[in-house]
Amino acid sequence: MKLTILGGGGFRVPLVYGALLGDRGEGRVTEVVLHDLDAGRLTAVTRVLAEQAAPVPDAPVVTATTDLDEALRGADFIFSAIRVGGLEGRADDERVALAEGVLGQETVGAGGIAYGLRTVPVAVDIARRVARLAPDAWVINFTNPAGLVTEAMSRHLGDRVIGICDSPVGLGRRIARVLGANPREAWIDYVGLNHLGWVRGLRVAGRDELPRLLADPELLGSFEEGKLFGVDWLQSLGAIPNEYLHYYYFNREAVRAYQQAEKTRGAFLHDQQARFYDEVGAPGAKALDVWDRTRAEREATYMSENRETAGAGERDADDLSGGYEKVALALMRAIARDERTTLILNVRNQGTLSVLDNDAVIEVPCLVDANGAHPVTVAPLPDHATGLVCAVKAVEREVLAAAESGSRTTAVKAFALHPLVDSVNVARRLVEGYREVHPGLAYLR
């Protein structure tokens, strides 16, 4: 089975390959094709993968190419993890937004909109090529903003594109752990959009254990989200929000922390990964050791400004292992082998949430089999969550419309309608600011 990884020179590709190395079942991936626009990054990541594969005699064969069509032909699965504009673009997204006093995070607020406007046209081109060159392939999208990009691609690929994210998986795992439950045996009632969802229940043997957690302040304050949001706020909500909702519930504090930080997250990762690629390319470098060390630093500093604002301290060691590669592998296995499973995924709504239309991509538990991912019926969201979900989905639709039409006016509307952008004039300045720093937004006229 052939897996093509778009963004194959990306830093997190070894996580995916490591998961493949541990898959010993029939129908496993035997060929991995890495595609990237940067040949140097491809070379560096290929070295890491070669060291990973050294002790595994039947490791998947790895090839690399900068030719997109060549990478797509014959693929059974396509894993999309591209970053249009690179980390330099992410740093610019943050800088332009923060100069206007609004959030520049890569998936939330102004930064997420800018990233989406750059990424959607590229993702749509990829989707059209997949439909032409690999019509039977399944596309697993991790490219951010994951829900928005998955919806853009679904307009050309239908349900053969499925979005994944490690945030809901990590959240469910943490809740189960503090409740003393096995995450594999728990049903997680999670619903929302990508980076905008809530756990409303966690059932073990048919019993919802979440009320027990919410009623115990000591237990509730013992894990990441309890520390990040505070016990009182979680009890008020009656649910556990995805960590990215900290940007909404504590927006002023988050913006201030990012403005005061020595470097934005994008700038930090840009410098860190530049060092990584330089080190891996040095003669005699142990590529895998360099990657492991860099990854540990990256994970430990994740959302550090938010945790500092909340006084949450350092991340727990159990939360440093990532997880999206495990979701990707489980998804591929379920489809390729008809190994039926349940995963929280980004898929078309198909009537799951009545407040959104059928084509809106949402993030919910899905039953997965050889025919793809099927969203599970969920209870309606409470009003406060419905308001946010509908507002952000409306913004996503404006982003898609702007990307399709090239309308600067529509792009301004997308920014102005976002709950975290508080002025039409700010929205206008954001569009102009992003057009100045991103050549890829020249299409907005």
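It should be emphasised that the depicted structure is a prediction, and the values quoted were computed from it without experimental measurement. In what follows, residues are counted from 1 in the order of the sequence shown.
- Using a 4.5 Å heavy-atom cutoff, the side chains of Ile240 and Leu220 are in contact.
- In terms of heavy-atom proximity, Tyr434 sits nearest to Asp93 at OH-O, 2.7 Å.
- Side chain of Thr410 to backbone of Gly406: no donor-acceptor contact under 3.5 angstrom is found.
- Side-chain atoms of Trp291 and Val280, non-hydrogen and from C-beta on, never get closer than 4.5 Å to each other.
- In this structure, NZ in Lys263 is found 10.0 Å from NE2 in His270, a value given to the nearest 0.5 Å.
- At a threshold of 4.5 Å between non-hydrogen side-chain atoms, the residues Ile162 and Val368 do not count as touching.
- Taking a cutoff of 4.0 Å between a charged side-chain nitrogen and a carboxylate oxygen, Asp359 and Arg348 qualify as a salt bridge.
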- Start with the C-alpha gap between Ile188 and Ile175, add the side-chain angles, then the distance that decides, and say whether side chain to side chain contact (heavy atoms under 4.5 Å, CB included) holds. CA-CA 9 Å; Ile188 303 168; Ile175 295 173; over 6 Å; no
Stepwise side chain to side chain contact (heavy atoms under 4.5 Å, CB included) check, Asp369 with His374:
CA-CA 8 Å; Asp369 57 23; His374 317 284; 3.0 Å; yes
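- Without hydrogens or angle criteria, His418 side chain to Leu420 main chain gives a donor-acceptor distance under 3.5 Å.
- Taking the charged nitrogens against the carboxylate oxygens, Asp92 and Arg118 have no contact shorter than 4.0 Å, which rules out a salt bridge.
- Note: Thr342 OG1 to Leu345 CG = 9.5 Å, rounded to the nearest 0.5 Å.
- Residue-environment remark: CD (Glu88) stays at or below the threshold of 12 foreign heavy atoms within 6.0 Å.
- In this structure, the side chains of Arg408 and Glu432 come closer than 4.5 Å at one or more pairs of heavy atoms.
- Using bins of under 30°, 30° to 60° and over 60° for the plane-to-plane angle, the ring pair Tyr324/Phe142 lands in the parallel bin.
- Taking CZ from Arg41 and CZ from Phe11, the interatomic distance works out to 10.5 Å, rounded to the nearest 0.5 Å.
- Between His195 and Cys165, the closest side-chain pair of non-hydrogen atoms falls below 4.5 Å.
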I'd like a table of donor-acceptor pairs (distance under 3.5 Å, sequence neighbours excluded) in which one partner is a side-chain atom from residues 79-86, with atom names and distances.
| residue | atom | partner | partner atom | Å |
| --- | --- | --- | --- | --- |
| Ser80 | OG | Thr143 | OG1 | 3.1 |
| Arg83 | NH1 | Glu106 | OE1 | 3.0 |
| Arg83 | NH2 | Glu106 | OE1 | 3.0 |

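- With rounding to the nearest 0.5 angstrom, the OG1 atom of Thr43 is 8.5 Å from the CG atom of Asp38.
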Table please: side-chain donor-acceptor pairs of residues 146-155 below 3.5 Å, with sequence neighbours left out.
| residue | atom | partner | partner atom | Å |
| --- | --- | --- | --- | --- |
| Thr150 | OG1 | Asn141 | ND2 | 3.0 |
| Thr150 | OG1 | Ala146 | O | 2.6 |
| Glu151 | OE1 | Val361 | N | 2.9 |
| Glu151 | OE1 | Lys393 | NZ | 2.7 |
| Glu151 | OE2 | Arg397 | NE | 2.5 |
| Glu151 | OE2 | Arg397 | NH2 | 3.0 |
| Ser154 | OG | Glu151 | O | 2.7 |

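- A donor and an acceptor atom, one from each side chain of Glu243 and Ser167, are located under 3.5 Å apart.
- You'll find the side chain of Val102 stays beyond 4.5 Å of the side chain of Phe415, heavy atoms only.
- A donor-acceptor contact shorter than 3.5 Å is absent between the side chain of Arg428 and the backbone of Val412.
- Taking a 6.0 Å sphere around CD of Gln259, one finds it holds more than 12 heavy atoms contributed by other residues, nucleotides or ligands.
- Across Val389 and Gly192, no two heavy atoms sit closer than the pair CG2-CA, 4.4 Å.
- Between Ala411 and Leu444, the shortest heavy-atom contact is CB-CD1, 4.0 Å.
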If you look only at distance, which donor and acceptor atoms sit under 3.5 Å apart when one is on a side chain in residues 120-132 and the other is two or more places apart or in another chain?
| residue | atom | partner | partner atom | Å |
| --- | --- | --- | --- | --- |
| Asp125 | OD2 | Arg129 | NE | 3.0 |
| Arg129 | NH1 | Asp69 | OD1 | 2.8 |

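- Contact between Trp138 and Ala370 at its shortest, heavy atoms only, is CZ2-O, 4.0 Å.
- Thr30 places no side-chain N or O within donor-acceptor distance of the main-chain N or O of Pro60, the cut-off being under 3.5 Å.
- With a 4.5 Å cut-off on side-chain heavy atoms, Val169 and Lys326 do not count as touching.
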In sequence, state the C-alpha distance, the side-chain angles, and the governing distance for Thr341 and Glu339, and then conclude on side chain to side chain contact (heavy atoms under 4.5 Å, CB included). CA-CA 6 Å; Thr341 189; Glu339 291 184 1; over 6 Å; no
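- Within the 3.5 Å criterion, the main-chain N or O of Ala39 finds no donor-acceptor partner in the side chain of Thr66.
- Of the charged side-chain nitrogens involved, at least one lies within less than 4.0 Å of a carboxylate oxygen, so that Glu398 and Lys413 count as a salt-bridged pair.
- Summarising the geometry of Leu367 relative to Val376, their closest heavy-atom pair is CG-CG2, 3.8 Å, with the distance given to 0.1 Å.
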Take Gln52 and Leu288 through the side chain to side chain contact (heavy atoms under 4.5 Å, CB included) test and state the conclusion after the steps. CA-CA 7 Å; Gln52 282 182 299; Leu288 184 56; 3.7 Å; yes
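- Minimum heavy-atom separation, Phe229 to Asn242: CZ-O, 3.4 Å.
- Atom CZ of Arg47 sits about 12.5 Å away from atom OH of Tyr277, to the nearest 0.5 Å.
- Using a 4.5 Å cut-off on side-chain heavy atoms (C-beta onward), Thr107 and Tyr247 make no contact.
- In the displayed structure, Arg340 atom CZ is contacted under 6.0 Å by at most 12 heavy atoms of other residues, nucleotides or ligands.
- Rounding to the nearest 0.5 angstrom, the gap separating the CG atom in Leu103 from the CD1 atom in Ile113 is 10.5 Å.
- Between the Asn349 side chain and the Leu356 main chain, a donor and an acceptor come within less than 3.5 Å of each other.
- A salt bridge links Glu94 with Arg90: at least one charged nitrogen is closer than 4.0 Å to a carboxylate oxygen.
- Classified by interplanar angle (parallel below 30°, tilted 30° to 60°, perpendicular above 60°), the ring pair Phe250/His246 is parallel.
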